[in-house]
Amino acid sequence: MRRKRFDVVPYDLAATLTSGQAFRWRCRDDGWEGVVQGRWVRLQSARYGIQAEVMPPVRNWMWLSDYLQIDENLAGVIATFPDDEPMRAAVAACRGLRLLRQDPWECLASFILSSTKQIVQIRQIIAVLCERYGEPVIAPKYCEPSFAFPSPERIAAAGESELRACKMGFRAPNLLAASRMIAGGEVVLPRLATLPVDAARAELLRLPGVGRKIADCVLLFACGFQDAFPVDVWVAKALHRLYFPGRRVTLEQLRRFAAAHFGPFAGYAQQYLFHYTRVHAKLKS
DNA sequence: TACCAGGAGAGCG
DNA sequence: CGCTCTCATGGT
(Lines give C-alpha, C1' and ligand atoms only; values in the text may rest on other atoms or scores of the structure.)
Protein backbone atom coordinates (compact mmCIF):
# COMPACT_ATOMS: atom_id res chain seq x y z
CA MET A 1 0.00 0.00 0.00
CA ARG A 2 1.27 3.48 -0.86
CA ARG A 3 0.14 6.51 1.12
CA LYS A 4 0.01 10.16 0.22
CA ARG A 5 -0.93 13.19 2.23
CA PHE A 6 -2.71 16.05 0.50
CA ASP A 7 -2.69 19.30 2.42
CA VAL A 8 -5.93 20.95 1.42
CA VAL A 9 -8.37 22.65 3.74
CA PRO A 10 -11.29 22.78 3.77
CA TYR A 11 -12.22 19.66 1.80
CA ASP A 12 -15.50 17.92 2.65
CA LEU A 13 -14.89 14.47 1.18
CA ALA A 14 -18.29 13.07 2.06
CA ALA A 15 -20.18 15.96 0.49
CA THR A 16 -17.95 16.07 -2.56
CA LEU A 17 -18.08 12.33 -3.25
CA THR A 18 -21.83 11.93 -2.67
CA SER A 19 -23.23 15.16 -4.09
CA GLY A 20 -24.30 13.65 -7.40
CA GLN A 21 -21.23 14.41 -9.50
CA ALA A 22 -19.55 10.99 -9.16
CA PHE A 23 -21.41 7.75 -8.48
CA ARG A 24 -18.92 5.04 -7.58
CA TRP A 25 -17.51 5.99 -4.17
CA ARG A 26 -18.39 3.76 -1.23
CA CYS A 27 -18.03 4.55 2.44
CA ARG A 28 -16.16 1.98 4.53
CA ASP A 29 -14.58 2.29 7.97
CA ASP A 30 -14.60 6.06 8.07
CA GLY A 31 -13.07 6.31 4.58
CA TRP A 32 -14.06 6.30 0.92
CA GLU A 33 -13.15 3.65 -1.62
CA GLY A 34 -13.36 4.03 -5.38
CA VAL A 35 -11.61 3.61 -8.71
CA VAL A 36 -9.88 6.49 -10.50
CA GLN A 37 -8.13 6.04 -13.85
CA GLY A 38 -8.40 2.28 -13.46
CA ARG A 39 -6.71 2.37 -10.06
CA TRP A 40 -8.20 1.41 -6.71
CA VAL A 41 -8.15 4.32 -4.24
CA ARG A 42 -9.02 4.80 -0.59
CA LEU A 43 -9.49 8.32 0.77
CA GLN A 44 -9.81 9.46 4.34
CA SER A 45 -10.32 12.95 5.62
CA ALA A 46 -7.81 14.32 8.11
CA ARG A 47 -7.17 17.58 9.95
CA TYR A 48 -4.70 18.66 7.27
CA GLY A 49 -6.90 17.56 4.38
CA ILE A 50 -6.90 14.13 2.73
CA GLN A 51 -4.99 10.91 3.30
CA ALA A 52 -4.89 8.69 0.20
CA GLU A 53 -4.00 5.02 -0.18
CA VAL A 54 -3.42 3.21 -3.46
CA MET A 55 -1.84 -0.07 -4.58
CA PRO A 56 1.72 -0.07 -5.90
CA PRO A 57 3.32 0.72 -8.25
CA VAL A 58 2.88 4.48 -8.19
CA ARG A 59 5.00 6.73 -10.40
CA ASN A 60 3.36 9.99 -9.37
CA TRP A 61 0.17 11.39 -7.89
CA MET A 62 -0.88 13.82 -10.60
CA TRP A 63 -3.78 11.64 -11.74
CA LEU A 64 -5.25 11.75 -8.24
CA SER A 65 -4.54 15.36 -7.29
CA ASP A 66 -6.03 16.38 -10.63
CA TYR A 67 -9.15 14.26 -10.02
CA LEU A 68 -9.58 15.71 -6.54
CA GLN A 69 -8.71 19.23 -7.75
CA ILE A 70 -6.27 19.64 -4.88
CA ASP A 71 -4.79 22.82 -6.33
CA GLU A 72 -8.15 24.59 -6.73
CA ASN A 73 -8.26 27.75 -4.64
CA LEU A 74 -11.65 27.21 -3.05
CA ALA A 75 -11.69 30.51 -1.15
CA GLY A 76 -10.95 32.30 -4.42
CA VAL A 77 -13.81 30.49 -6.14
CA ILE A 78 -16.28 31.31 -3.38
CA ALA A 79 -15.19 34.94 -3.43
CA THR A 80 -16.58 35.20 -6.97
CA PHE A 81 -20.07 34.04 -5.93
CA PRO A 82 -22.81 36.69 -5.86
CA ASP A 83 -23.17 38.22 -2.41
CA ASP A 84 -26.80 37.34 -1.88
CA GLU A 85 -28.67 35.51 0.86
CA PRO A 86 -29.20 32.18 -0.95
CA MET A 87 -25.51 31.82 -1.82
CA ARG A 88 -24.38 32.88 1.66
CA ALA A 89 -26.62 30.20 3.16
CA ALA A 90 -25.46 27.52 0.70
CA VAL A 91 -21.78 28.33 1.24
CA ALA A 92 -22.20 28.31 5.02
CA ALA A 93 -24.01 24.97 4.94
CA CYS A 94 -21.61 23.23 2.54
CA ARG A 95 -18.16 24.27 3.75
CA GLY A 96 -15.49 22.31 1.90
CA LEU A 97 -17.74 21.08 -0.93
CA ARG A 98 -15.70 20.87 -4.14
CA LEU A 99 -15.91 19.90 -7.78
CA LEU A 100 -13.99 16.89 -9.06
CA ARG A 101 -12.29 16.64 -12.45
CA GLN A 102 -13.54 13.34 -13.82
CA ASP A 103 -12.86 11.16 -16.83
CA PRO A 104 -15.06 12.45 -19.68
CA TRP A 105 -16.27 9.03 -20.82
CA GLU A 106 -17.21 7.79 -17.36
CA CYS A 107 -18.92 11.10 -16.68
CA LEU A 108 -20.81 11.11 -19.96
CA ALA A 109 -21.96 7.50 -19.67
CA SER A 110 -22.96 7.98 -16.04
CA PHE A 111 -25.13 10.97 -16.82
CA ILE A 112 -26.72 9.29 -19.84
CA LEU A 113 -27.83 6.71 -17.28
CA SER A 114 -28.93 9.36 -14.80
CA SER A 115 -32.00 10.73 -16.52
CA THR A 116 -35.13 10.48 -14.38
CA LYS A 117 -33.35 8.34 -11.81
CA GLN A 118 -32.58 8.95 -8.17
CA ILE A 119 -28.91 9.08 -7.20
CA VAL A 120 -29.19 5.78 -5.28
CA GLN A 121 -30.45 4.06 -8.40
CA ILE A 122 -27.87 5.63 -10.68
CA ARG A 123 -25.21 4.21 -8.38
CA GLN A 124 -26.78 0.74 -8.59
CA ILE A 125 -26.98 0.73 -12.39
CA ILE A 126 -23.36 1.87 -12.72
CA ALA A 127 -22.19 -0.72 -10.20
CA VAL A 128 -23.79 -3.52 -12.22
CA LEU A 129 -22.39 -2.12 -15.46
CA CYS A 130 -18.86 -2.07 -14.03
CA GLU A 131 -19.13 -5.58 -12.56
CA ARG A 132 -20.27 -7.02 -15.86
CA TYR A 133 -18.11 -5.11 -18.34
CA GLY A 134 -15.29 -3.41 -16.44
CA GLU A 135 -11.72 -4.69 -16.23
CA PRO A 136 -10.79 -6.06 -12.79
CA VAL A 137 -8.73 -3.67 -10.69
CA ILE A 138 -6.04 -4.66 -8.21
CA ALA A 139 -7.33 -3.97 -4.70
CA PRO A 140 -6.39 -4.95 -1.14
CA LYS A 141 -7.30 -8.46 -0.03
CA TYR A 142 -9.93 -7.27 2.42
CA CYS A 143 -11.93 -5.70 -0.43
CA GLU A 144 -14.49 -7.40 -2.59
CA PRO A 145 -13.44 -7.43 -6.27
CA SER A 146 -13.50 -4.01 -7.86
CA PHE A 147 -13.66 -3.00 -11.49
CA ALA A 148 -12.72 -0.13 -13.74
CA PHE A 149 -15.42 1.76 -15.58
CA PRO A 150 -15.96 -0.13 -18.86
CA SER A 151 -14.52 1.38 -22.05
CA PRO A 152 -16.81 2.67 -24.81
CA GLU A 153 -15.49 -0.16 -27.01
CA ARG A 154 -16.57 -2.78 -24.50
CA ILE A 155 -20.06 -1.31 -24.13
CA ALA A 156 -20.35 -0.80 -27.88
CA ALA A 157 -19.76 -4.53 -28.28
CA ALA A 158 -22.70 -5.37 -26.00
CA GLY A 159 -26.27 -5.80 -27.15
CA GLU A 160 -29.19 -3.61 -26.18
CA SER A 161 -30.90 -6.44 -24.30
CA GLU A 162 -27.67 -7.14 -22.38
CA LEU A 163 -27.56 -3.51 -21.31
CA ARG A 164 -31.24 -3.48 -20.41
CA ALA A 165 -30.47 -6.39 -18.12
CA CYS A 166 -28.40 -3.89 -16.09
CA LYS A 167 -31.71 -2.23 -15.15
CA MET A 168 -31.07 0.89 -17.22
CA GLY A 169 -34.37 0.65 -19.06
CA PHE A 170 -34.99 3.07 -21.91
CA ARG A 171 -31.51 4.54 -21.45
CA ALA A 172 -29.93 1.39 -22.91
CA PRO A 173 -30.24 2.30 -26.60
CA ASN A 174 -28.86 5.76 -25.87
CA LEU A 175 -25.82 4.45 -24.01
CA LEU A 176 -25.22 1.89 -26.74
CA ALA A 177 -25.44 4.38 -29.61
CA ALA A 178 -23.30 6.92 -27.76
CA SER A 179 -20.67 4.26 -27.03
CA ARG A 180 -20.53 3.36 -30.70
CA MET A 181 -20.09 6.99 -31.75
CA ILE A 182 -17.25 7.44 -29.26
CA ALA A 183 -15.63 4.12 -30.11
CA GLY A 184 -15.86 4.97 -33.81
CA GLY A 185 -14.12 8.30 -33.30
CA GLU A 186 -17.16 10.28 -34.41
CA VAL A 187 -16.93 12.33 -31.22
CA VAL A 188 -13.53 12.74 -29.55
CA LEU A 189 -14.07 13.42 -25.87
CA PRO A 190 -10.49 14.41 -24.88
CA ARG A 191 -10.61 17.15 -27.51
CA LEU A 192 -13.61 18.91 -25.94
CA ALA A 193 -11.59 20.66 -23.25
CA THR A 194 -9.55 22.41 -25.95
CA LEU A 195 -12.63 23.87 -27.68
CA PRO A 196 -14.68 26.97 -26.86
CA VAL A 197 -17.49 25.96 -24.53
CA ASP A 198 -20.25 26.37 -27.12
CA ALA A 199 -18.41 24.18 -29.64
CA ALA A 200 -17.74 21.55 -26.99
CA ARG A 201 -21.41 21.54 -25.99
CA ALA A 202 -22.50 21.23 -29.62
CA GLU A 203 -20.31 18.12 -29.98
CA LEU A 204 -21.88 16.52 -26.91
CA LEU A 205 -25.38 17.34 -28.12
CA ARG A 206 -24.78 15.17 -31.19
CA LEU A 207 -24.85 12.11 -28.93
CA PRO A 208 -28.19 10.35 -28.45
CA GLY A 209 -29.61 10.74 -24.96
CA VAL A 210 -27.56 13.88 -24.40
CA GLY A 211 -29.49 17.12 -24.10
CA ARG A 212 -28.59 20.45 -22.57
CA LYS A 213 -28.53 19.29 -18.97
CA ILE A 214 -26.34 16.22 -19.45
CA ALA A 215 -24.02 18.08 -21.82
CA ASP A 216 -23.51 20.77 -19.18
CA CYS A 217 -22.77 18.12 -16.55
CA VAL A 218 -19.97 16.69 -18.70
CA LEU A 219 -18.63 20.16 -19.52
CA LEU A 220 -18.54 21.04 -15.82
CA PHE A 221 -17.55 17.78 -14.13
CA ALA A 222 -15.09 16.46 -16.73
CA CYS A 223 -14.00 19.11 -19.22
CA GLY A 224 -13.10 21.93 -16.87
CA PHE A 225 -15.70 24.46 -18.03
CA GLN A 226 -16.41 25.90 -14.62
CA ASP A 227 -19.05 28.29 -15.87
CA ALA A 228 -21.22 25.47 -17.27
CA PHE A 229 -24.45 25.43 -15.27
CA PRO A 230 -26.53 22.24 -15.50
CA VAL A 231 -30.15 22.91 -14.56
CA ASP A 232 -31.89 19.78 -13.30
CA VAL A 233 -35.13 19.49 -11.37
CA TRP A 234 -33.41 20.27 -8.04
CA VAL A 235 -31.50 23.31 -9.26
CA ALA A 236 -34.57 24.56 -11.11
CA LYS A 237 -36.60 24.25 -7.91
CA ALA A 238 -33.88 26.00 -5.92
CA LEU A 239 -33.51 28.87 -8.40
CA HIS A 240 -37.26 29.28 -8.62
CA ARG A 241 -37.80 29.28 -4.87
CA LEU A 242 -34.83 31.48 -4.03
CA TYR A 243 -34.81 33.99 -6.87
CA PHE A 244 -38.28 33.95 -8.51
CA PRO A 245 -40.78 33.13 -5.73
CA GLY A 246 -44.35 32.99 -6.94
CA ARG A 247 -43.46 33.67 -10.57
CA ARG A 248 -43.70 31.51 -13.66
CA VAL A 249 -40.26 31.01 -15.20
CA THR A 250 -39.19 28.76 -18.07
CA LEU A 251 -36.10 26.57 -18.02
CA GLU A 252 -34.43 28.81 -20.59
CA GLN A 253 -35.07 31.89 -18.43
CA LEU A 254 -33.45 30.13 -15.49
CA ARG A 255 -30.38 29.28 -17.60
CA ARG A 256 -30.03 32.86 -18.80
CA PHE A 257 -30.42 34.16 -15.26
CA ALA A 258 -27.77 31.72 -14.04
CA ALA A 259 -25.32 32.69 -16.78
CA ALA A 260 -25.71 36.36 -15.91
CA HIS A 261 -25.90 36.06 -12.13
CA PHE A 262 -23.38 33.51 -10.86
CA GLY A 263 -20.15 34.61 -12.49
CA PRO A 264 -17.10 32.75 -13.88
CA PHE A 265 -17.51 29.82 -11.46
CA ALA A 266 -21.25 29.48 -11.97
CA GLY A 267 -20.95 25.70 -12.15
CA TYR A 268 -19.38 25.67 -8.71
CA ALA A 269 -22.20 27.83 -7.38
CA GLN A 270 -24.66 25.40 -8.94
CA GLN A 271 -23.10 22.50 -7.03
CA TYR A 272 -23.50 24.41 -3.78
CA LEU A 273 -27.16 25.14 -4.53
CA PHE A 274 -27.78 21.54 -5.58
CA HIS A 275 -26.23 20.00 -2.49
CA TYR A 276 -27.71 22.59 -0.14
CA THR A 277 -31.20 22.04 -1.52
CA ARG A 278 -30.96 18.26 -1.36
CA VAL A 279 -29.62 18.21 2.19
CA HIS A 280 -32.38 20.54 3.31
CA ALA A 281 -35.05 18.50 1.55
CA LYS A 282 -33.75 15.47 3.41
CA LEU A 283 -33.85 17.26 6.75
CA LYS A 284 -37.38 18.51 6.23
CA SER A 285 -38.85 15.10 5.35
C1' DT B 1 -50.47 2.96 -3.46
C1' DA B 2 -49.17 6.98 -5.86
C1' DC B 3 -45.74 9.83 -7.00
C1' DC B 4 -41.30 11.05 -8.43
C1' DA B 5 -36.44 10.65 -9.83
C1' DG B 6 -29.51 15.33 -11.46
C1' DG B 7 -34.02 14.18 -19.04
C1' DA B 8 -34.38 13.63 -23.88
C1' DG B 9 -36.87 13.69 -27.95
C1' DA B 10 -40.91 13.38 -30.66
C1' DG B 11 -45.48 15.09 -31.68
C1' DC B 12 -48.82 18.58 -31.37
C1' DG B 13 -51.44 23.01 -31.83
C1' DC C 1 -42.20 28.30 -29.94
C1' DG C 2 -44.17 26.06 -25.67
C1' DC C 3 -46.68 22.25 -23.97
C1' DT C 4 -47.50 17.13 -23.30
C1' DC C 5 -46.43 12.37 -23.57
C1' DT C 6 -43.58 8.35 -23.45
C1' DC C 7 -39.70 5.79 -22.30
C1' DA C 8 -38.19 1.59 -17.59
C1' DT C 9 -37.46 0.88 -13.06
C1' DG C 10 -37.30 1.27 -8.19
C1' DG C 11 -37.16 4.31 -3.86
C1' DT C 12 -39.85 6.70 -0.50
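Within every chain, numbering begins at 1; the chains are lettered A, B, ... in the order of the sequence lines, protein sequences first and strands thereafter. Everything numeric here is computed off the predicted structure, so don't read it as measured data.
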Output every pair passing side-chain hydrogen bond (donor to acceptor under 3.5 Å, both in side chains) with a member in [range], not counting sequence neighbours, ordered by first then second residue.
range                       : result
residues 191-204 of chain A : Asp198(A)-Arg201(A), Arg201(A)-Asp216(A), Glu203(A)-Arg206(A)
residues 226-240 of chain A : Glu72(A)-Gln226(A)
residues 89-102 of chain A  : none
residues 172-182 of chain A : none

Between [N] ([atom2]) and [X] ([atom1]): distance, integer Å:
X         : N      : atom1 : atom2 : answer
Ile125(A) : dG6(B) : CD1   : C1'   : 13 Å
Gln253(A) : dC1(C) : CD    : P     : 13 Å
Leu204(A) : dG9(B) : CG    : P     : 12 Å
Gln118(A) : dC3(B) : CD    : C1'   : 10 Å
Leu251(A) : dG2(C) : CG    : P     : 11 Å
Phe111(A) : dG7(B) : CZ    : C1'   : 12 Å
Ile126(A) : dA5(B) : CD1   : C1'   : 14 Å
Lys213(A) : dA5(B) : NZ    : C1'   : 11 Å

Nearest-nucleotide comparison on DNA chain B, the residue closer to the 5′ end among Leu205(A) and Ile122(A): Ile122(A)

Under 4.0 Å protein heavy-atom contact, by nucleotide of nucleotides 3-9 of chain C - B base, S sugar-phosphate only: S---BBB

Where at least one partner belongs to residues 119-136 of chain A, residue pairs that pass salt bridge (Lys or Arg N to Asp or Glu O under 4.0 Å), sequence neighbours excluded: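 Of all non-adjacent pairs touching residues 119-136 of chain A, none passes salt bridge (Lys or Arg N to Asp or Glu O under 4.0 Å).
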
Met1(A) atom CE, over 12 foreign heavy atoms within 6.0 Å: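 Yes, because the 6.0 Å sphere around CE of Met1(A) holds more than 12 heavy atoms from other groups.
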
Please tabulate, one pair per line, all N/O donor-acceptor pairs under 3.5 Å involving side-chain atoms of residues 137-144 of chain A, not counting sequence neighbours.
from, atom 1, to, atom 2, distance (Å)
Glu144(A), OE1, Arg28(A), NH2, 3.1

Aromatic ring proximity, centroids under 6.0 angstrom, Tyr268(A) and Phe229(A):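 No, the ring centres sit 6.0 Å or more apart.
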
Sugar-phosphate only, base, or nothing, as touched by Ser110(A) at under 4.0 Å among non-hydrogen atoms: nothing

Touch class at under 4.0 angstrom, heavy-atom based, for Gly209(A) against every strand present: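 Touches sugar-phosphate only.
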
dG6(B) to dG2(C) separation - P atoms, rounded to the nearest Å: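 Approximately 27 Å lies between the P atom of dG6(B) and that of dG2(C).
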
Residue-level proximity of residues 255-271 of chain A to DNA chain B when a heavy atom falls under 4.0 Å: Gln270(A), Gln271(A)

Contacting residues from residues 217-234 of chain A, given that a heavy atom lies under 4.0 angstrom of DNA chain B: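 Close to the strand are Phe221(A), Pro230(A), Asp232(A), Val233(A), Trp234(A).
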
Ala89(A): side-chain contact (heavy atoms from CB on, under 4.5 Å) partners, not counting sequence neighbours: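 So Ala89(A) forms a side-chain contact (heavy atoms from CB on, under 4.5 Å) with Glu85(A), Tyr276(A).
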
For Arg24(A), all residues meeting side chain to side chain donor-acceptor pair (under 3.5 Å), sequence neighbours excluded: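 Partners of Arg24(A) by the side chain to side chain donor-acceptor pair (under 3.5 Å) criterion come out as none, since no residue qualifies.
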
Contacts of Tyr11(A) that satisfy ring-ring contact (aromatic ring centres under 6.0 Å, His included) - sequence neighbours left out: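 Listed in chain order: nothing, the list is empty.
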
Step-by-step side-chain hydrogen bond (donor to acceptor under 3.5 Å, both in side chains) determination, Tyr243(A) to Asp84(A): CA-CA 10 Å; Tyr243(A) 294 97; Asp84(A) 59 27; 2.9 Å; yes

